[in-house]
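Comments concern the structure below.
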Amino acid sequence: MKILVVGGTGFAGGYTANFLKKQGHDVTIMGRSKPANASMLGDLKFVAGNYIEESFDDGRLEGYDWMVFAAGNDITKMPFDGSVTPEEFFQRSNSEAIPRFFKYAKAAGIKRVAYLGTFYPQVAPQQIDVNPYVKSRYIADEAIREMSSPDFNVCSLNAPFILGQIPGFDVAHITAMAHYAKGNLTDLPVFAPKGGTNHITVHSVAQAIQGGLERGESGKAYLIGDANLSWKEYMEEWFSLAGNEQEIEVREDDHPLLPNIIMYAGVGATVSYEPPAEETELLGYDRGVLKSMISEVIKSVG
């Protein structure tokens with residue numbers, strides 16, 4: 001199939017694009033700028049596009065059978081210069097821009113779409129009216145799935161914290177965690193935040209997206225995930241696999257690598273769930289592989 005991966009110059013989208021290419025698909029990635037050739041993403045076909053700023057009635061979306069959308073904005077993309085409030089930023093870039101882009105995709109004749117969303121609206125619905133990011137992703141997800149029709153199959157894959165790597169592509173917060181576990185960041189205090197969450201590898205996400213494209217029910221929101229860990233357990237796993245095993249203290253302080261601002265379920269909250277077994281089987285993604293991925297990331301960091 002000819003597949004367009006929107007957000008394919010990023011971490012999850014880029015990994016998924018390369019995964020789908022290896023399955024024999026004809027893959028094109030879309031992003032604001034072409035990725036550097038130092039990354040494996042530089043070998044993928046590329047089309048420029050900014051889903052927030054541009055219109056797409058110029059034919060750029062025509063000729064594709066399927067689409068993956070992995071480009072929703074989070075707090076890491078928001079300017080902190082006072083030029084925009086979180087409410088304004090997320091409404092414009094997620095609530096408004098994502099459904100508008102999907103209308104262009106539908107009009108261009110794309111038949112099946114897998115949307116990489118976030119798990120918060122499903123696992124922490126109480127945050128929808130509290131957190132602007134969660135609200136914006138909820139609004140976008142509801143709007144795009146309502147566009148489903150016999151000729152436009154749309155499903156959502158709502159993921160928790162995603163862990164992994166792309167050769168030649170630095171994922172800053174994951175690289176930093178590896179260095180932290182190795183003891184290389186000596187200026188940072190060693191402790192874990194309260195609470196915990198579910199995690200999944202980027203490879204499992206790519207598998208789930210493929211399953212969603214091939215077998216996903218139109219209009220369905222699938223909750224995906226792998227392992228439930230407290231932040232203490234998660235960090236101790238990293239430290240142990242890095243050869244720096246220790247018991248890590250839990251504190252209420254704002255953590256330098258896992259700051260309160262990204263705890264969208266609430267500071268100190270614990271998010272724990274099991275994805276429905278029948279949905280995991282339908283989508284066909286691996287579970288029980290988080291530890292091996294952490295090891296792989298640590299080995300790749302000098």
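Please read these numbers as outputs of a predicted model, since none were measured by experiment.
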Would you say [Y] and [X] are linked by a side-chain donor-acceptor pair, where the criterion is simply a distance under 3.5 Å?
| X | Y | answer |
| --- | --- | --- |
| E236 | Q246 | no |
| D170 | T175 | yes |
| E214 | Q210 | yes |
| S295 | S292 | no |
| S149 | D151 | no |
| S156 | D141 | yes |
| N228 | N198 | yes |

What are the two closest non-hydrogen atoms of [X] and [Y], and how far apart are they?
| X | Y | result |
| --- | --- | --- |
| V205 | A159 | CG2-CB, 4.4 Å |
| R137 | G117 | NH2-CA, 3.3 Å |
| A140 | N94 | CB-O, 3.6 Å |
| S204 | Y285 | O-CB, 3.3 Å |

*Check whether any side-chain heavy atom of Y15 sits under 4.5 Å from a side-chain heavy atom of H203, and report yes or no.*
yes

*Quick one: are T28 and L44 in side-chain contact, heavy atoms under 4.5 Å?*
no

Just checking [X]: does its [atom1] atom have more than 12 heavy atoms from other residues, nucleotides or ligands closer to it than 6.0 angstrom?
| X | atom1 | value |
| --- | --- | --- |
| K291 | NZ | no |
| E247 | CD | no |
| K299 | NZ | no |
| F89 | CZ | yes |
| Q126 | CD | yes |
| K106 | NZ | yes |
| K194 | NZ | no |

Do the side chains of [X] and [Y] get close enough for a salt bridge, i.e. N-O under 4.0 angstrom?
| X | Y | result |
| --- | --- | --- |
| R92 | E53 | yes |
| R60 | E62 | no |
| D26 | K45 | yes |
| R287 | E274 | yes |

*Would you confirm whether the ring centroid of F161 sits within less than 6.0 angstrom of the ring centroid of W231?*
yes

*Between Y180 and H255, does the ring centroid distance fall short of 6.0 Å?*
yes

_side chain to side chain donor-acceptor pair (under 3.5 Å) involving Q23 - partner list, sequence neighbours excluded_ = none

*Looking at Y222, is K220 sitting on its ring face, NZ or CZ under 6.0 Å from the six-membered ring centre and within 45 degrees of the normal?*
yes

*For the residue pair H25 and W66, does the interplanar ring angle fall in the parallel (under 30°), tilted (30 to 60°) or perpendicular (over 60°) class?*
tilted

_I'd like to know if L290 and I248 are part of one continuous hydrophobic network [Ile/Leu/Val/Met/Phe/Trp/Tyr, side-chain heavy atoms within less than 4.5 Å]._
yes

*asked:* Under 4.5 Å between side-chain heavy atoms, counting indirect links through other Ile/Leu/Val/Met/Phe/Trp/Tyr residues: same cluster for V289 and I298 or not?
replied: no

*What residues join Y104 in its hydrophobic cluster, counting side-chain heavy atom gaps under 4.5 Å, either direct or through other members?*
L4, V6, M30, V47, Y51, I52, F56, L61, Y64, M67, F69, I98, F101, F102, I110, V113, Y115, I144, M147, F152, V154

